[in-house]
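Model, not experiment: these values are computed from the prediction. Any value given below was found using the heavy atoms of this structure, including those in side chains, with hydrogens, waters and symmetry copies removed.
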Amino acid sequence: MDSIGVLMACPMSSYLEQELEKRFHLFKFWQFPQKPHFLREHSGSIRAVVGNATAGADAELIEALPKLEIVASYSVGLDKIDLGKCREKGIRVTNTPDVLTEDVADLAIGLCLAVLRRICASDKYVRSGKWKKGDFKLTTKFTGKTVGIIGLGRIGTAVAKRAEAFDCPISYYSRTAKPDCKYKYYPSVVELASNCHILIVACPLTPETRHIINREVIDALGPKGVLINIGRGPHVDEPELVSALVEGRLGGAGLDVFEHEPEVPEELFGLENVVLLPHVGSGTVETRNAMADLVIGNLEAHFMNKPLLTPVV
């Protein structure tokens, strides 16, 4: 298979790069500044694209690669892939579900604790020497807080399971109520936000869920409420979130994702009720390697005419 051209859309994993280079003819897209020229020169040999949450395969790239057969996403999210164009052209699509569920759910709970207990601010307090001048102010407990989850899929369910261990009542919003689900269902995000202390975004990014967190939802969550986003940045109307936090209309936020990554609104940097992470939900060695193995497994299965491991299209 070493003659098969595979285009890696952006840097994502040194382990994945090494494993791809062992098996395929790997092209690293970011190393070619003249991308139109590169695509014209190599369009006949590239049969696979490997993308992630940052870069995938849009309609323009797909059209430029007439021999493209499969897009393998090193991510569970598919918002960087034009799925409609892939279906139209018969291009297979895979992602990496399940293997990252536990890490992302762990991080969601970590963000809840970090925001409510001001863990980052407390750490800074000690390092700056302020503890010598007096105790840190009291914070808010997590145990028993009502948790609302947007999207009760794999990750949302894993978050709910963890929050239950803290005696948190769980409620959720999804397009439809889940049959046989023990958690309380709300038919709108505003109703969910009005009835929880902590609102966690865990749904896929689609045109319908873009800016699902808007001013109305933020105001419903209120000055004692906390927003946790471990989904995608564009789920949140970021200027509205910033203004609510700065004005004190929202109690706090824990954010692993942002609308224009890696750009982050500087107004958030000085707020101790906000915890900012650089999109590291699945960022452990164990999980990233498992994700890479799944990408490799899907590519090998496709080119050996075997069933895909995690097909989407």
Taking the side chain from E238 and the backbone from E259, do they hold a donor-acceptor pair closer than 3.5 Å?
-> yes
* To do: Find out whether T94 and L309 are in side-chain contact, i.e. whether some heavy atom of one side chain is under 4.5 Å from a heavy atom of the other.
  => no
All heavy atoms of T54 vs all of K80, minimum pair found to be O-CE, 3.6 Å
- Query: So, E300 and K306, do they make that salt bridge, N to O below 4.0 Å?
  - Reply: no
Exercise. Hey, are the side chains of F136 and V126 touching, using non-hydrogen atoms and a 4.5 Å cut-off?
Worked result: no
Q) Is atom CD of Q34 surrounded by more than 12 heavy atoms (other residues, nucleotides or ligands) closer than 6.0 Å? A) no
### Task
Look only at the side chain of D167 and the backbone of G144, and say whether a donor-acceptor pair between them is shorter than 3.5 Å.
no
Heavy-atom nearest pair, A9 first then G56, reads CB-O, 4.0 Å
TODO: Could you tell me whether the side chain of V264 reaches within less than 4.5 Å of the side chain of L255, counting heavy atoms only?
DONE: no
Q | Stepwise side chain to side chain contact (heavy atoms under 4.5 Å, CB included) check, M8 with L16 | A | CA-CA 10 Å; M8 199 174 195; L16 178 57; 3.8 Å; yes
### Task
For N52 and Y74, indicate whether the former's side chain and the latter's backbone hold a donor-acceptor pair under 3.5 Å.
no
Does any N or O in the side chain of D123 come within less than 3.5 Å of the main-chain N or O of I119, such that one atom is a donor and the other an acceptor? no
Kindly work out whether a path of hydrophobic side-chain contacts (I/L/V/M/F/W/Y, heavy atoms less than 4.5 Å apart) joins F258 to L250.
-> yes
Using a 6.0 Å cut-off, check whether atom NZ of K124 has over 12 heavy atoms from anything other than its own residue. no
- request: Please tell me if the side chains of I213 and I150 come closer than 4.5 Å, counting only heavy atoms from C-beta onward.
  value: yes
Across all chains, not counting sequence neighbours, the salt bridge (Lys or Arg N to Asp or Glu O under 4.0 Å) partners of E272 are K137
message: In the structure I gave you, are the side-chain heavy atoms of S45 and F27 within less than 4.5 Å of one another anywhere?
response: yes
request  = Would you sort out whether L299 and V50 count as a side chain to side chain contact (heavy atoms under 4.5 Å, CB included), showing the intermediate values?
outcome  = CA-CA 9 Å; L299 291 175; V50 174; 3.9 Å; yes
Does G129 offer a backbone N or O that forms a donor-acceptor pair with the side chain of K133 under 3.5 Å?
no
Self-check item: Within 6.0 Å of CD in E60, more than 12 heavy atoms from elsewhere
Solution: no
Review point. Is Y173 reachable from V201 through a run of hydrophobic residues whose side-chain heavy atoms are each under 4.5 Å from the next?
Key: yes
Fill in: Residues L294, D98; criterion side chain to side chain contact (heavy atoms under 4.5 Å, CB included); working and verdict
CA-CA 11 Å; L294 200 45; D98 298 320; over 6 Å; no
### Query
Is Y172 reaching over with its side chain to a backbone N or O of K178, donor-acceptor style, under 3.5 angstrom?
yes
Under 3.5 Å: donor-acceptor pair, side chain of T157, backbone of R154: no
After noting the C-alpha distance and the side-chain angles of K28 and E21, does the key distance pass the side chain to side chain contact (heavy atoms under 4.5 Å, CB included) rule?
-> CA-CA 10 Å; K28 301 174 185 179; E21 285 177 327; 3.2 Å; yes
> Within the distance-only criterion (no hydrogens, no angle test), does the side chain of H279 pair as donor or acceptor with the backbone N or O of R232 below 3.5 angstrom?
Replying inline: no
message = Can you tell me if E266 has over 12 outside heavy atoms packed within less than 6.0 Å of its CD?
response = no
Is there a path of hydrophobic side-chain contacts, each under 4.5 Å between heavy atoms of I/L/V/M/F/W/Y residues, joining L107 to V226? yes
| message | Taking atom CD as the centre, does E216 end up with more than 12 heavy-atom neighbours from other residues, nucleotides or ligands that are less than 6.0 angstrom away? | response | no
TODO: Give a yes or no on whether Y185 and V190 share a hydrophobic cluster (residues Ile, Leu, Val, Met, Phe, Trp, Tyr; joining criterion: side-chain heavy atoms under 4.5 Å apart).
DONE: no
Answer yes or no: is there a donor N or O on one side and an acceptor on the other, between the side chain of D2 and the main chain of R23, under 3.5 Å?
no
- Are I149 and V236 grouped together when hydrophobic residues (ILVMFWY) are joined by side-chain heavy atoms under 4.5 angstrom apart? no
>> Using only atom types and a distance under 3.5 Å, with no angle test, would you say the side chain of T209 pairs donor to acceptor with the backbone of T206?
In response: yes
Is atom CH2 of W131 surrounded by more than 12 heavy atoms (other residues, nucleotides or ligands) closer than 6.0 Å? no
Rounding to 0.5 Å, atoms CG (N298) and OG1 (T96) come to a distance of 9.0 Å
Would K161 and E164 pass as an ion pair if we require N to O under 4.0 Å? no
